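We count ligands from 1, going down the list as the structure has it; atoms in each ligand are counted the same way. Since the structure is predicted, the reported quantities are computational estimates derived from the model, not experimental observations.
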Amino acid sequence: MSKIEIHNIDELIKEQYPLEFIQKLLNDVLVLSMQVKNDYPDYRNWYQTIQVPGIYDGTRNIIIAHIADRIVGFVSLKKTPEEKKICTFYVEKNFRRNQIGTLLATKAVEYLEEDKPLITIPMDKLHEFTRIGEKYHWKITDIKENLYRTTTPEVIVNGKTPELSTGKPLEKSLTKVNRIYKIQKLKSTLKHFINYPQKLLK
Ligand SMILES: CC(C)(COP(=O)(O)OP(=O)(O)OC[C@H]1O[C@@H](n2cnc3c(N)ncnc32)[C@H](O)[C@@H]1OP(=O)(O)O)[C@@H](O)C(=O)NCCC(=O)NCCS
């Protein structure tokens, strides 16, 4: 594979790269985001009114991985005294398993000055983050249904107030979390059956 390069968009702005160049990068990231966020309501609006202005006021950043002028992955980040968060983390499908995600995670942790940032991951993508999560001892703290999308629950990783903390790192707790989640879901479904023994639902 050709050479992968990593750049922080906030640094490119500070280094006074031309406005059109920055705008093209931001637009390329938006286009790439739509591959993973197209079913998130209002994502485009959030990106244009919150994420991009945040880069200019120093509370947000986007780190890109690119091969020549093609962006192949990115992390978008929020860094305030109250919250250090990975808002989106994405590597293009054809370029995965080339350590690009690992590189982006390293840079994200460096920028955020936090190796356990908050991140929410769709349950059906959790396995793709297992090794990265293992490296930083990330922990699953909650699972929320219908948080952003209705098709798959969102797994909250490194949340502040653990509601479903298994006390185990991401990789070890993955099976357990899936099991707990399925049991909880089954219980709430069963609640609708009047004759189901209530003591079994506790
Ligand atoms: C998670 C993701 C960023 C990983 O990117 P990547 O470039 O493939 O990551 P890497 O090549 O650095 O792989 C990191 C490790 O994870 C492992 N890995 C990667 N994909 C995996 C998969 N599908 N299943 C199991 N392990 C996987 C790699 O083997 C590697 O292990 P190692 O450290 O032992 O070598 C990428 O799969 C992705 O973008 N997924 C979709 C993300 C998403 O849904 N984002 C929205 C919510 S934020």
S.K.: Quick one: look up the protein heavy atom nearest atom 32 (P) of ligand 1 and list residue, atom name and how far away it is.
M.R.: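 Ranked first by proximity to atom 32 (P) of ligand 1 is Arg131 NE, 3.6 Å.
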S.K.: Lys125 to ligand 1: N or O pair under 3.5 Å?
M.R.: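 Lys125 vs ligand 1: no N/O contact under 3.5 Å.
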S.K.: To the nearest 0.1 Å, how far is atom 39 (O) of ligand 1 from its closest protein heavy atom, and which atom is that?
M.R.: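 Nearest protein contact, heavy atoms only, for atom 39 (O) of ligand 1 is Val91 N, 2.8 Å.
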S.K.: Any N/O of Lys37 closer than 3.5 Å to an N/O of ligand 1?
M.R.: no
S.K.: At what distance is the nearest protein heavy atom to atom 4 (C) of ligand 1, and which residue and atom is it?
M.R.: Glu128 O, 4.2 Å
S.K.: Using a plain distance cutoff, I'd like to know if Phe89 has any nitrogen or oxygen under 3.5 Å from a nitrogen or oxygen of ligand 1.
M.R.: yes
S.K.: What heavy-atom pair brings Tyr90 and Gln35 nearest, and what distance separates the two atoms?
M.R.: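 That closest heavy-atom pairing would be OH-OE1, 2.9 Å.
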S.K.: Under 4.0 Å between a Lys/Arg side-chain N and an Asp/Glu carboxylate O for Lys79 and Glu113?
M.R.: yes
S.K.: Hey, does Asn98 sit under 4.0 Å from ligand 1 if you only count heavy atoms?
M.R.: yes
S.K.: Looking at atom 36 (C) of ligand 1, what's its closest protein heavy atom, distance included?
M.R.: Arg96 NE, 3.6 Å
S.K.: Go through ligand 1 atom by atom and flag the ones less than 4.0 Å from a non-hydrogen atom of Tyr90.
M.R.: 39 (O)
S.K.: Which of the numbered atoms in ligand 1 are under 4.0 angstrom from any heavy atom belonging to Gln99?
M.R.: 10 (P), 11 (O), 12 (O), 35 (O)
S.K.: What atoms of ligand 1 come within less than 4.0 Å of a heavy atom belonging to His127?
M.R.: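 Selected atoms, number and element: 23 (N), 24 (N), 25 (C).
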S.K.: Within less than 4.0 angstrom of ligand 1, does Ile121 place any heavy atom?
M.R.: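 Judged by the 4.0 Å heavy-atom criterion, Ile121 does not count as contacting ligand 1.
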S.K.: Tell me, do His7 and Tyr17 make a side-chain contact under 4.5 Å, heavy atoms counted?
M.R.: no
S.K.: Between Arg131 and Glu134, does any side-chain N to carboxylate O distance fall below 4.0 Å?
M.R.: yes
S.K.: Answer yes or no: does an N/O atom from Arg97 fall short of 3.5 Å to an N/O atom of ligand 1?
M.R.: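 Among all N and O atoms of Arg97, at least one is under 3.5 Å from an N or O of ligand 1.
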S.K.: Quick one: does Thr102 get an N or O within less than 3.5 Å of an N or O on ligand 1?
M.R.: yes
S.K.: Got a second to check how far Tyr43's OH is from Thr88's OG1, nearest 0.5 Å?
M.R.: 3.5 Å
S.K.: Based purely on interatomic distance, does Val36 place a nitrogen or oxygen under 3.5 Å from a nitrogen or oxygen of ligand 1?
M.R.: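 Looking only at distances, the answer is no, because the N/O contact criterion of under 3.5 Å is not met.
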S.K.: So among Asp28, Leu32, Ile9, Leu25, which one has a side-chain contact (heavy atoms from CB on, under 4.5 Å) with Phe74?
M.R.: Leu32
S.K.: What's the shortest heavy-atom distance between Ile63 and Leu77, and which atoms?
M.R.: CD1-CD1, 3.7 Å
S.K.: Heavy atoms only: give me the nearest Ile86-Ala108 pair and the separation to one decimal.
M.R.: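 Reported closest heavy-atom pair: CD1-CB, 4.5 Å.
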S.K.: Are any of the side-chain heavy atoms of Gln99 and Ile4 separated by less than 4.5 Å?
M.R.: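 No, side chains not in contact.
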S.K.: Shortest non-hydrogen contact from Leu30 to Gln48?
M.R.: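 That would be CD2-NE2, 3.8 Å.
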S.K.: Relative to each other, are the rings of Phe129 and Phe89 parallel, tilted or perpendicular (30° and 60° limits)?
M.R.: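 The rings of Phe129 and Phe89 stand perpendicular, inter-plane angle above 60°.
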S.K.: Which protein non-hydrogen atom lies closest to atom 7 (O) of ligand 1, naming both residue and atom, and how far is it?
M.R.: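 For atom 7 (O) of ligand 1, the nearest protein heavy atom comes out as Gly101 N, 2.9 Å.
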S.K.: Nearest protein heavy-atom contact for atom 47 (C) of ligand 1: which residue, which atom, what distance?
M.R.: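 So the nearest neighbour among protein heavy atoms is Pro122 CD, 3.7 Å.
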